Structures are given as structure tokens and as C-alpha cells.
Peer 1: 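My questions all concern the structure below.
All values reported here derive from a predicted model rather than from experimental measurement. So that the names make sense, note that chain A is the first sequence line, chain B the second, and so on, each numbered from 1. Heavy atoms only: backbone and side chains are in, while hydrogens, waters and symmetry mates are out.
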Amino acid sequence: MKMKYQKPKGTADILPPYSNEWQFVEKNARETFALYNYDEIRTPIFESFEVFSRSAGDTSDIVTKEMYDFDDKGGRHIALRPEGTAGVVRAFVENKLYGPEHQKPVKVYYMGPMFRYERPQSGRLREFHQIGVEAFGSVSPKMDVETIAMAMDFLKKVKVTGLKLVINTLGDKESRDNYRQALIDYLEPHYDELSDDSKERLHKNPLRVLDSKDKNDQKFVADAPEILDYLTDNAREHFESVKNQLEALGIEYIVDSTMVRGLDYYNHTIFEIMVANSPLGKGEVTICAGGRYNGLVEELGGPEVPGVGFGLGVERLLLLLNEETQDMLQTKQLDFYVVGIGDAVQNETLKIVHELRQMGFATEQDYLDRKPKAQFKSADKLNAKFVVTVGESEMNDHVFKLKNMMTGDEQTIALKEIRTLKDLLK
RNA sequence: GCGGUAGUGGCGAAGUGGUUAACGCACCGGAUUGUGGCUCCGGCACGCGUGGGUUCGAUUCCCACCUACCGCCCCA
């Protein structure tokens, strides 16, 4: 009896030719980030559970229900990373990247798998991938803006259209505390009318009530006090500055004062980049989200070092690549296919294939002892630009045939002239 | 965690409580003894997600489970 193995629920195999799309996205990310002087950082895919629970906030959904965690054989409580920032911050602190020998700000990016234990759905998996960046050591709004600009640049580079930048501020601690109280004062009288979820959130994390999808809740939210009215002077200045600079760069944005992030560590600027009319589903989908997190480094045992960053969902982004890009990336490109006819020419074709590859041409041959017809068929399937044919007669005459698959023209060329082929493709 | 829909060859997709499970694509072979994209001919599921049950008999009916997709929650 044969066992049938299946990939774990909520995971995906990334197969050719789609893996080309991944490489395309990753390559553009690296190139874009390099322009902004970011370097790559690689951190473990799993961390101590506390790294995430400490940073994301004990009441966040990620910690309470979505963490992919387990005890290892040594009894350690481990969690597969649900997002990238916490691990990077942990590494920043542990390796003392805040030390004086490191240029500030410290700017890093990462790309890799993340895990959340939840019900798979379109654009949502248990193992998914994010590309993210973090910049440590600057409180300047310039840093916030640069981060946002970089995300937009990257998305434009991979030709995603219909981008919509939404920003908001959560202010500093004082702003937030004041606002939190104002929000509780406002919602408290309506307690009995709120949805169960929101009742739960009201005292634990009232900001999340703003985020409620419940229609009834939204009625209250519409008239709720706005964070913008509770900002301290400092927080207001910061936000104004961010907006001014975005305008200076010609980056369009809208302010959504009800936008909240799922992670508790954010303060001051938060932002999301959404795309409308996506194939992901109806309405808008967030493909990139981030913001400032000034207390997080301290929270994880480091000094008082501010940070800004964003995370971007690769699977979601891939669904948004336009058709031309997808076609381009999924089309096989081969320079030469070498057809051998008869056993006697085996070594001859082997040498030609090798030679062509040495010359820098993507070259393929038959490995299944198939007839010329079948070999040509393969050449066609592989989109080979040229086919080199060698049979016994050619071998004896020290020549080969060269066929242009586009035009169908075929000519005979002396074997010793094979090097002249390098002028064929350019 | 909750609700809905679905699961037939490599892919797409018909189908019926009972002899050999349509068809299309792909693939392989032949027509064309050494040449692709067109055409024609032939081949290609001891099997209908897994495990139970009902039945003389189930891919088809029932139950459970698994997985996928969609929605809720939440989010990338």
C-alpha cells in the first residue's frame, strides 16, 4: 500500500515557472533597497515564544490565537516567526548593533517565510512570505518618509498599479494614553450595544474597536473621538512633518484616523499600501504595512533606540503582477537545442552542448534517445532560438547544421567555426 | 475557532445504485526509415480524496476524517 504524502495544511510548493516570479520580486526588492543603502539581515525562522509575545502585545490576535508555537525536546517554548520585526529587533539587541561602531541609522532588510496558525484562504497561508525592512536609530520623520517612499518605489518597480497609500499616527505614549481614555469614555455608555468582540476589546485595547468590521460598531466609531485631536505637540509636529515631506516628494496619501495596526508595538506614523480591484477578492487589499516603533528595542532588552519598518506580503504581491510581467517571467528562454541523430554521435553532441554552454548560451539536448522529430518538438516546446543538428554524415564531414527556429532557415557550418555562433545572439 | 462549497487520469471536465468510467488538453507512438509549430490514426484511470456503513451490488446513498476554495474573525 502506497502512502500518499501531502504538504501540511496552509503551505504551498513554489514550482517552475512561478519560481521565476519569486526571483523577479526578490531581485527587484534587493535592488531597490540597495539604492536606499539597506543591507540584508538573516535571522532564525523560529525564536523563543517570548520574543514575539513581548513585542506584538499579549492581547494581539497574533499572540493569542495565531502563533505557530510548540515545545521543543528541551522543553523550550518555541514559535515560528509570525512576522519579521521582532526577530530583527532581537538580533539588533543581542548583537549590539546599537554600538558606536555601527553607522546610524542601521538599515536592514529581510525576506523569507513567516508562519501563522490560521485558516487558509485566498492570499493567506500558514506559511507565507514577507519582505521587510527595518531602520534603527533615528527619530526623524525623514526616516518614516524614506521608508514609505522606498516601499512605493519597489512596488512601482515591479509594475503594480492602483496603489493607495494610507497613513495615520498613533502618537507618542502620552498621546495614546490620553486618547485611549477618551475612547473608553466615549464607548463606555454604549457598552451593551457593542459587538461581543468589541466589548472584549474595549478595556484591553480600545483602539482595536476602531478597526471593527461590525456594522453596528462602525456607527459608534464614526462619531468617536479622533486620535488626531489628542496628539501632543511633539507627536503632532512629527506627523505634520511626515505629511509635508510626502507632499514634497509628490507621494499621494490619504489619512485614515481609524486605521490601527494589529501589532501593539507601533507608535507615531503607521501606514498601509493597498491595492484596489485586486484579483485577491473584492475591495481593497493591503499588501504592505508598517510604521514606527520607538519603544520596541527597549521592550526586548535593548537601549532606547527608535525604529521604523514595513512588511510586505509576497504571495499577495505576486497575485498583483500584471499579465505582461507574468507572461514574461513564465516564458521559457533557451538559446540552443542540440539534436543528435544516432548512437554514433553521442560524444559529438555532448561536446557541442558543452562548448555552447561554455560560450554562455543556455543549451539543452535530448536525454531519452528520442528520434529527431521528437527532439525538434522538444526544441520547439522549450522555445529554443536555434537548433544544432548532428548526424553521422555531419560528423564525418566535421560540420553541423544550424536551424533558425523562427525563420526555419537551415545552414551547414564547419565544426571548427562553432565559435562564430557567439555573434548570432546578442 | 465558526459557517458554506467541493474532491473523478498529468491537467480540465462529463457521468450512472449494476456489463468495457464520456470528451478535451497534455504526453507517447505512427502516417513523414534524419527535422518543430497544421492535419489524420493509434495509445494512455485494475480507478472515481481516505476510512467506515447501507445494499445482492456504490465512483454514485449515509457517517466520520483529510485537503482545497470561499466567507467570518484577523491579517501580509
Side-chain angles (χ1 to χ4, degrees), chain A residues 1-12 15 56 59-67 81-85 111-132 151 195-198 200-201 208 211-215 217 260-263 272-275 278 280-283 285-290 310-320 337-342 344-345 366 368 370-395 401-410:
Chain A
M1 160 139 65
K2 250 194 210 167
M3 265 303 273
K4 264 197 182 169
Y5 295 104
Q6 294 181 308
K7 60 186 178 299
K9 188 185 182 80
T11 62
L15 309 170
T59 61
S60 70
D61 280 22
I62 285 189
V63 172
T64 57
K65 48 185 259 203
E66 293 173 1
M67 202 83 98
R81 61 185 189 191
E83 54 96 29
T85 302
M111 45 186 72
M114 306 291 161
F115 304 83
R116 288 182 201 176
Y117 195 87
E118 61 179 349
R119 198 71 175 266
Q121 241 172 90
S122 76
R124 301 167 62 175
L125 294 163
R126 286 187 172 181
E127 180 186 26
F128 61 103
H129 297 74
Q130 280 191 350
I131 293 175
S195 68
D196 290 345
D197 282 335
S198 290
E200 176 91 16
R201 294 181 191 124
R208 299 210 58 78
D211 219 20
S212 176
K213 300 297 184 294
D214 186 275
K215 279 207 189 86
D217 288 352
V260 182
R261 309 271 35 254
L263 301 162
E272 292 189 8
I273 299 173
M274 322 214 277
V275 177
S278 76
L280 291 173
K282 49 212 173 200
V285 181
T286 302
I287 53 171
C288 178
F310 68 72
L312 188 150
V314 179
E315 279 84 356
R316 290 187 175 184
L317 174 58
L318 290 172
L319 289 173
L320 297 170
Y337 190 98
V338 177
V339 171
I341 304 165
V345 304
D366 172 65
L368 304 172
R370 293 185 303 171
K371 300 188 171 168
K373 181 190 173 79
Q375 294 189 46
F376 267 88
K377 224 171 167 180
S378 288
D380 193 50
K381 272 277 147 52
L382 296 172
N383 276 322
K385 297 190 184 78
F386 294 94
V387 169
V388 165
T389 309
V390 178
E392 288 185 39
S393 58
E394 286 85 356
M395 185 172 66
K401 285 199 171 137
L402 178 71
K403 181 168 186 174
N404 181 325
M405 293 298 274
M406 201 68 131
T407 64
D409 295 340
E410 193 169 47

Peer 1: Pick the C1' atom in B:G49 and in B:U67, then give their distance to the nearest Å.
Peer 2: 8 Å
Peer 1: Can you measure A:Arg370 atom CZ to B:G30 atom C1' for me and round it to whole angstrom units?
Peer 2: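 So the two atoms are 16 Å apart, to the nearest Å.
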Peer 1: Check every strand shown and say whether A:Ser378 touches a base, only sugar-phosphate, or nothing at a heavy-atom separation below 4.0 Å.
Peer 2: nothing
Peer 1: Which nucleotide, B:G34, B:G36, B:A76, lies nearest any side-chain atom of A:Gln130?
Peer 2: B:A76
Peer 1: Atom CD of A:Gln6 and atom P of B:C69: how far apart are they, to the nearest Å?
Peer 2: 12 Å
Peer 1: Please state the C1' separation for the pair B:C66 and B:A76 - nearest whole angstrom.
Peer 2: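 B:C66 and B:A76 have their C1' atoms separated by 27 Å.
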Peer 1: Looking across every strand, which nucleic acid part, if any, lies under 4.0 Å from A:Glu410 by heavy atom: base, sugar-phosphate, or nothing?
Peer 2: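 It contacts base atoms.
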Peer 1: Does A:Glu394 reach a base, just sugar-phosphate, or nothing at all? Heavy atoms under 4.0 Å.
Peer 2: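 Counting heavy atoms under 4.0 Å across all strands, the contact made by A:Glu394 includes a base.
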Peer 1: Considering only atom P, compute the distance from B:A6 to B:G42 and round it to an integer number of Å.
Peer 2: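 One P to the other, the span is 37 Å.
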Peer 1: Is there, by distance only and without an angle test, a donor paired with an acceptor across the side chain of A:Thr389 and the base of B:G34 below 3.5 Å?
Peer 2: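 By the distance-only test, no, there is no pair.
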Peer 1: Starting at the 5' end of RNA chain B, which residue's closest nucleotide do you reach first, A:Pro8 or A:Arg126?
Peer 2: A:Pro8
Peer 1: Under 4.0 Å, counting only non-hydrogen atoms across every strand here, what does A:Ile341 touch: a base, just sugar-phosphate, or nothing?
Peer 2: base
Peer 1: Can you identify which nucleotide, out of B:C28, B:A76, B:G36, has its nearest atom closest to the A:Lys403 side chain?
Peer 2: B:G36
Peer 1: For atom P, what is the distance between B:U39 and B:G34, given to the nearest Å?
Peer 2: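 One P to the other, the span is 24 Å.
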Peer 1: Taking the side chain of A:Arg124 as its heavy atoms from C-beta onward, which of B:G37, B:G34, B:A76 lies nearest to it?
Peer 2: B:A76
Peer 1: To the nearest 0.5 Å, what is the distance between CZ (A:Phe310) and OG1 (A:Thr85)?
Peer 2: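 Between A:Phe310 CZ and A:Thr85 OG1, I get 10.5 Å after rounding to 0.5 Å.
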Peer 1: What is the distance from atom CD1 of A:Ile287 to atom CG of A:Leu319, rounded to the nearest 0.5 Å?
Peer 2: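 Separation between the atoms: 10.5 Å.
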Peer 1: Does any N or O donor sit under 3.5 Å from an N or O acceptor when you compare the side chain of A:Gln375 with the base of B:U35?
Peer 2: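 Flag unset: no donor-acceptor pair detected.
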Peer 1: Reading RNA chain B 5' to 3', what string of ( ), [ ], | and . shows its pairs, if Watson-Crick and G-U wobble pairs count only when both distances fall under 3.5 Å?
Peer 2: (((((((..(((.....[....))).(((((.......))))).....(((((..]....))))))))))))....
Peer 1: Considering only the P atoms, how many Å lie between B:A22 and B:G47, rounded to the nearest integer?
Peer 2: 15 Å
Peer 1: Between A:Arg126 and A:Glu118, is there a donor-acceptor pair closer than 3.5 Å when you use the side chain of the first and the backbone of the second?
Peer 2: yes
Peer 1: Give me the atom names and distance for the closest heavy-atom approach of A:Asn404 to A:Met406.
Peer 2: OD1-N, 2.8 Å
Peer 1: Could you state the CD1-P distance from A:Ile273 to B:A76, rounded to the nearest angstrom?
Peer 2: 13 Å
Peer 1: Distance check needed: B:G34 C1' versus A:Met395 CE, whole Å only.
Peer 2: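 That distance rounds to 14 Å.
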Peer 1: State the CD1-CE distance between A:Ile131 and A:Met114, to the nearest 0.5 angstrom.
Peer 2: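 Nearest 0.5 Å value for the CD1-CE distance: 10.0 Å.
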Peer 1: So which of A:Thr389, A:Leu368, A:Val339 actually passes side-chain contact (heavy atoms from CB on, under 4.5 Å) with A:Gln375?
Peer 2: A:Val339
Peer 1: Whole-Å distance between B:C28 C1' and A:Lys371 NZ?
Peer 2: 12 Å
Peer 1: Can you measure from CG (A:Leu317) to CD (A:Glu315) and round to the nearest 0.5 angstrom?
Peer 2: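 Taking CG in A:Leu317 and CD in A:Glu315, the distance rounds to 10.0 Å.
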Peer 1: In whole angstrom, give me the gap between the C1' atoms of B:C46 and B:U20.
Peer 2: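 To the nearest whole Å, 12 Å.
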Peer 1: I need the NZ-C1' distance between A:Lys381 and B:G37, as an integer number of Å.
Peer 2: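 Checked: the NZ to C1' distance equals 9 Å.
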Peer 1: Would you mind classifying the nucleic acid contact of A:Gly132 as base, sugar-phosphate or nothing, using non-hydrogen atoms under 4.0 angstrom?
Peer 2: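 Contact class for A:Gly132: none.
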Peer 1: Write down the distance between NZ (A:Lys373) and C1' (B:U35), rounded to a whole number of angstrom.
Peer 2: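 From A:Lys373 NZ to B:U35 C1': 9 Å.
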Peer 1: Sticking with atom C1', work out how far B:G7 lies from B:C65, rounded to a whole angstrom.
Peer 2: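 14 Å, rounded to whole Å.
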Peer 1: Looking for any heavy atom pair under 4.0 Å, which part of the strands does A:Leu125 touch: base, sugar-phosphate only, or nothing?
Peer 2: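 Result for A:Leu125 = base.
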Peer 1: Quick test: give all pairs of protein nitrogen or oxygen and nucleotides 1-7 of chain B nitrogen or oxygen below 3.5 Å, distance rounded to 0.1 Å.
Peer 2:
{"unit_1": "B:C2", "atom_1": "N4", "unit_2": "A:Arg119", "atom_2": "NH1", "d": "2.5"}
{"unit_1": "B:G3", "atom_1": "O6", "unit_2": "A:Arg119", "atom_2": "NH2", "d": "3.2"}

Peer 1: Taking donor-acceptor contacts at under 3.5 Å, does the side chain of A:Arg316 reach the base of B:C75?
Peer 2: yes
Peer 1: For A:Phe376, enumerate each residue passing the ring pair (Phe, Tyr, Trp, His ring centres under 6.0 Å) test, keeping only those at least two apart in sequence or located in another chain.
Peer 2: none
Peer 1: Just the rounded figure in Å: distance from C1' of B:A68 to NZ of A:Lys7.
Peer 2: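 Atom-to-atom, A:Lys7 to B:A68, this comes out as 8 Å.
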Peer 1: Nearest 0.5 Å, what's the NZ-CD distance between A:Lys7 and A:Glu127?
Peer 2: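 That separation rounds to 11.5 Å.
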Peer 1: Go nucleotide by nucleotide along RNA chain B from the 5' end; which of A:Ala384 and A:Ala374 gets its closest nucleotide reached first?
Peer 2: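 Counting from the 5' end, the first nearest nucleotide belongs to A:Ala374.
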Peer 1: If you round to the nearest 0.5 Å, how far is CD1 of A:Ile341 from CG of A:Asp366?
Peer 2: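 It comes to 11.0 Å.
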Peer 1: Looking across every strand, which nucleic acid part, if any, lies under 4.0 Å from A:Gly10 by heavy atom: base, sugar-phosphate, or nothing?
Peer 2: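 A:Gly10: backbone/sugar contact only, no base atoms under 4.0 Å.
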Peer 1: Give the minimum heavy-atom separation between A:Tyr337 and A:Ser378, together with the two atoms involved.
Peer 2: OH-CB, 3.7 Å
Peer 1: Of all the nucleotides listed (B:C69, B:A76, B:U35), which has the minimum atom distance to the side chain of A:Pro120?
Peer 2: B:C69
Peer 1: With C1' as the reference atom in both, quote the distance from B:U32 to B:C38 in angstrom, rounded to an integer.
Peer 2: 14 Å
Peer 1: Is there a donor-acceptor pair closer than 3.5 Å between any side-chain N or O of A:Arg124 and the backbone N or O of A:Gly10?
Peer 2: no
